[in-house]
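To start, the structure itself, in structure tokens.
Sequential numbering from 1 along the given sequence is applied to the chain's residues.
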Amino acid sequence: MLKIAWSPLYAHPLPEGHRFPMEKYELIPQQLLHEGTITQANLFQPSAMAEADILTTHKAAYWEALKTLGLSPRQMRRIGFPPSEQLILREIVIAQGTLDCAHFALKHGISMNTSGGTHHAFSDLGEGFCLLNDIAIAANVLIRDRLAKKILIVDLDVHQG
């Protein structure tokens, strides 16, 4: 069965006029359900990711600054979102959703995360609306856990139109 990660946390509230189209994270599952492409049974809500999994990819100093809201204003501008505890929770839930989807894909051949692809984050900094690199974390965890030897990531950047 196709499993699709989705959480109400994905549609994080932003200041009015913010350029990031956050509402798409509510609309995607609604549209898929409306079309009959999926049923409610296809959707699952991921939990928060374990810190040990985050640290397979991100440097401890960056993760500490991120989770304690200790990034500088310049670093947060580079990310593009105003900092908040809820934003950090959103990001670690997205990352867990991608990891869960990787496990489902190994078992069933396919899975999707409606908010996956926060791949613009580096090991020691966030960028382009990405605080953590969910795809790299999932790949590193699969390799660490000996569920894969190599991982190929193809970025189509379809969000660019």
Side-chain angles (χ1 to χ4, degrees), residues 1-35 37-60 62-71 73 75-105 108 110-123 125-142 153 155 157-160:
M1 169 187 266
L2 173 63
K3 298 303 277 181
I4 301 170
W6 176 83
S7 170
L9 291 172
Y10 287 6
H12 180 71
L14 292 172
E16 189 173 328
H18 194 281
R19 71 181 195 261
F20 190 83
M22 194 64 77
E23 66 278 354
K24 68 183 173 182
Y25 298 115
E26 291 175 330
L27 298 175
I28 290 170
Q30 288 175 11
Q31 183 64 31
L32 293 171
L33 289 164
H34 173 76
E35 293 171 353
T37 304
I38 65 168
T39 68
Q40 200 67 41
N42 296 108
L43 298 172
F44 73 92
Q45 288 192 39
S47 60
M49 178 170 267
E51 189 169 68
D53 291 340
I54 293 168
L55 293 174
T56 64
T57 303
H58 292 283
K59 293 186 177 177
Y62 171 69
W63 170 238
E64 185 65 28
L66 184 64
K67 74 179 182 180
T68 60
L69 302 177
L71 295 179
Q75 290 170 308
M76 288 309 300
R77 271 192 309 279
R78 190 170 182 159
I79 290 170
F81 289 137
S84 72
E85 289 179 10
Q86 186 179 2
L87 179 67
I88 306 307
L89 177 59
R90 173 188 184 265
E91 197 75 12
I92 62 176
V93 168
I94 288 170
Q96 184 62 48
T98 298
L99 179 57
D100 291 344
C101 286
H103 284 111
F104 281 125
H108 301 289
I110 189 170
S111 188
M112 299 174 201
N113 188 349
T114 60
S115 187
T118 61
H119 58 279
H120 296 287
F122 296 86
S123 64
L125 62 98
E127 183 175 85
F129 305 114
C130 303
L131 289 79
L132 299 174
N133 191 319
D134 68 320
I135 296 171
I137 293 170
N140 286 330
V141 169
L142 292 180
I153 298 169
D155 177 10
D157 258 348
V158 295
H159 61 88
Q160 299 299 328

query: Regarding E51 and W63, is there a side-chain donor-to-acceptor distance under 3.5 Å anywhere?
result: yes

field: F81 side chain reached by E91 side chain, heavy atoms, under 4.5 Å
entry: no

- prompt: Between OG1 of T57 and CG of N140, what distance do you get to the nearest 0.5 Å?
  reply: 3.5 Å

message: Working note: H58 + L66, criterion side-chain contact (heavy atoms from CB on, under 4.5 Å); need CA distance, chi angles, decisive distance, verdict.
response: CA-CA 11 Å; H58 292 283; L66 184 64; over 6 Å; no

message: Can a donor-acceptor pair be found, under 3.5 Å and without considering hydrogens, that links the side chain of Y62 to the backbone of G126?
response: yes

query: Any idea which heavy atoms bring K3 and C101 closest together, and the distance?
result: O-SG, 4.5 Å

CG-CG distance between L125 and L131, expressed to the nearest 0.5 angstrom: 10.5 Å

message: Tell me if a side-chain donor or acceptor on N133 pairs with a main-chain N or O of F122 at a distance below 3.5 Å.
response: no

query: Charged N to carboxylate O below 4.0 Å: is that the case for K67 and E85?
result: no

- prompt: With no hydrogens and no angle check, do the side chains of D134 and T118 hold a donor and an acceptor under 3.5 Å apart?
  reply: yes

query: Considering residues at least two apart in sequence or located in another chain, which fulfil the ring pair (Phe, Tyr, Trp, His ring centres under 6.0 Å) criterion with F44?
result: F104

- request: State the CG-CE distance between L89 and M49, to the nearest 0.5 angstrom.
  value: 13.0 Å

- request: Considering non-hydrogen atoms only, spot the tightest contact between G97 and Y10 and give its length.
  value: CA-OH, 4.3 Å

query: What heavy-atom pair brings S84 and L87 nearest, and what distance separates the two atoms?
result: OG-N, 3.0 Å

task: Answer yes or no: is there a donor N or O on one side and an acceptor on the other, between the side chain of T98 and the main chain of I135, under 3.5 Å?
output: no

message: Quick check for you: to the nearest 0.5 Å, what is the distance between N113 atom CG and I28 atom CD1?
response: 10.0 Å

message: Using every non-hydrogen atom in the two residues, find where D53 and I137 come nearest and quote the distance to one decimal.
response: O-CG2, 3.5 Å

message: Centre-to-centre under 6.0 Å for Y25 and H12, is that the case here?
response: no

Distance (rounded to the nearest 0.5 Å) between H120 NE2 and I79 CD1: 13.0 Å

field: Q31 and E35: side chain donor to acceptor below 3.5 Å
entry: yes

Spatial distance of atom SG (C130) from atom CZ (R78) [nearest 0.5 Å]: 12.0 Å

D100 (side chain) donor-acceptor with P46 (main chain) under 3.5 angstrom: no

message: Angle between ring planes, H18 versus F20, binned at 30° and 60°: parallel, tilted or perpendicular?
response: perpendicular

- prompt: Which atom names give the shortest non-hydrogen contact between L14 and M22, and what distance separates them?
  reply: CD1-CE, 3.7 Å

- prompt: So do L43 and P29 actually touch side chain to side chain, heavy atoms under 4.5 Å?
  reply: yes

Distance-minimising heavy-atom pair for N42 and M1: ND2-CG, 3.7 Å

message: Quick check on side chain to side chain contact (heavy atoms under 4.5 Å, CB included): which of S115, P8, S7 does R90 satisfy it with?
response: S115

